[in-house]
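Notes to accompany the following structure.
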Amino acid sequence: MVVMLRVMVTGFEPFGGEKVNPSWEAVRELPDELDGAEIVKKQLPVTFRGVKALLPKLIEEIEPQVVILTGQAGGRPNITVERVAINVMDSKKEDNEGYKPEDEPIFEDAPAAYFATIPVKRIVKALRSEGIPAMVSNSAGTYVCNTAMFTALHTIAIRDLPVKAGFIHVPYSYEQALERTVPSMPIETIKKAIEVSIRTSLLP
Ligand code: PCA
C-alpha cells in the first residue's frame, strides 16, 4: 500500500494596514500535490490567540508529516528560513484583534525555545541553487509569526509526533512595493521558494 505524505502549508491574512499578505498570496497558488505529497493550504489570522488555538487543531485534523508556516517579513530583502522560535509574545503593535502583549510567555509550562525541525541549512542551499536569494534567520521576532512557529513546534513536541516543522519569512511582494522604497520579490518567486522548501523538507 502506498501511503501519501501530507504537507500542511500556511500563510497569513494581511496586517499592519497592508492590503495583501505575500505569504498567503503565494501559498494559495501552490499545487494540491507536489513530489507525490498532498499539499493542504490554510490561512492563519494575525492574532496571538487565534494561532495558539488554531494550529494545534489543524495539526490534529490534517495529520501532516511536514508543517511549513510562512509569513511576511516586510523590509527583509530575501527569503529567510527561521532557525528558532522563542517562548515570548512582545509587541509594540496591536494584532488584528487589538491585542498587544508585553513580555508574556506563549505557554507557561514550555521550554524557552524550540529549534525548527525542517532542514534549515539544506533549504537555504537549495533555494540559492535555484537562484533565489535566501538566508538563515536566527530570530522570527516576538510577534504573531514567532508565536505560530512556537505553537506548532510545542504541539508536535508534547504530542511526540513524527512531524517536521518550520517557518519561512518572505519579503513584500512587488504589488506592495509599487509606490514605496522597500525590498520586494515577485509572488511567483516566493511561491517557487515555498515549493523548494517543501521538496527539501520531504527528502529523507
Ligand atoms: N508576519 C508577521 C505576522 C503575520 C505575518 O505575515 C510576523 O512576522 O510576526
Side-chain angles (χ1 to χ4, degrees), residues 8-30 41-56 58 67-107 110 113-116 118 120 123-124 133-155 165-177 180 182-187 189-191 193-194 197-198:
M8 177 176 126
V9 192
T10 69
F12 279 99
E13 66 182 4
F15 71 105
E18 299 294 324
K19 290 196 185 68
V20 294
N21 190 315
S23 65
W24 177 246
E25 295 305 306
V27 166
R28 69 194 292 193
E29 298 289 329
L30 291 171
K41 306 159 225 171
K42 296 285 174 189
Q43 193 192 48
L44 297 179
V46 182
T47 68
F48 290 98
R49 278 187 276 258
V51 297
K52 279 177 66 176
L54 204 54
L55 278 167
L58 288 174
V67 174
I68 305 276
L69 311 168
T70 72
Q72 164 192 306
R76 287 193 191 171
N78 47 16
I79 300 287
T80 44
V81 185
E82 299 294 344
R83 189 200 298 269
V84 63
I86 58 175
N87 190 11
V88 69
M89 303 186 286
D90 187 68
S91 175
K92 289 196 182 64
K93 51 187 186 213
E94 295 183 342
D95 70 9
N96 281 359
E97 61 179 10
Y99 184 47
K100 199 166 58 120
E102 189 179 355
D103 296 337
E104 265 185 60
I106 302 170
F107 296 102
Y114 286 104
F115 287 115
I118 54 173
V120 169
I123 292 171
V124 168
M135 276 174 67
V136 174
S137 161
N138 292 312
S139 174
T142 54
Y143 193 52
V144 177
C145 289
N146 172 73
T147 293
M149 182 179 174
F150 191 92
T151 301
L153 289 164
H154 183 58
T155 301
F167 199 102
I168 315 279
H169 260 126
V170 310
Y172 284 132
S173 65
Y174 273 7
E175 179 190 354
Q176 291 172 289
R180 285 187 286 180
V182 291
S184 58
M185 195 179 259
I187 289 296
T189 308
I190 296 173
K191 176 188 162 216
I194 299 169
S197 305
I198 294 171

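Just so you know, ligand 1 is whichever comes first in the structure, and atom 1 is the first atom listed for that ligand.
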At a 4.0 Å threshold, what atoms of ligand 1 neighbour a non-hydrogen atom of Gly71? 6 (O)
Using a 4.0 Å cutoff against the non-hydrogen atoms of Gln72, which atoms of ligand 1 qualify?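 Answer for ligand 1: 1 (N), 2 (C), 5 (C), 6 (O), 8 (O).
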Test: Arg83 cationic atom under 6.0 Å from Phe167 six-membered ring centre, within 45° of axis: no
[X] N/O under 3.5 Å from ligand 1 N/O:
X	value
His169	yes
Asn21	yes
Asn146	no

Could you check whether Ser23 and Gln72, counting side-chain N and O atoms only, form a donor-acceptor pair closer than 3.5 Å?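 There is no such pair between these side chains.
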Is the closest side-chain donor-acceptor distance between Glu18 and Gln176 under 3.5 Å? yes
Is the backbone N or O of Thr151 less than 3.5 Å from a side-chain atom of Tyr114, with the two atoms forming a donor-acceptor pair by type? no
Are the side chain of Asn78 and the backbone of Ala134 linked by a donor-acceptor contact shorter than 3.5 Å?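 The answer is no, because no donor-acceptor pair under 3.5 Å joins these two groups.
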Got the closest protein heavy atom to atom 2 (C) of ligand 1, with its distance?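 Here the nearest protein heavy atom works out to Cys145 SG, 3.0 Å.
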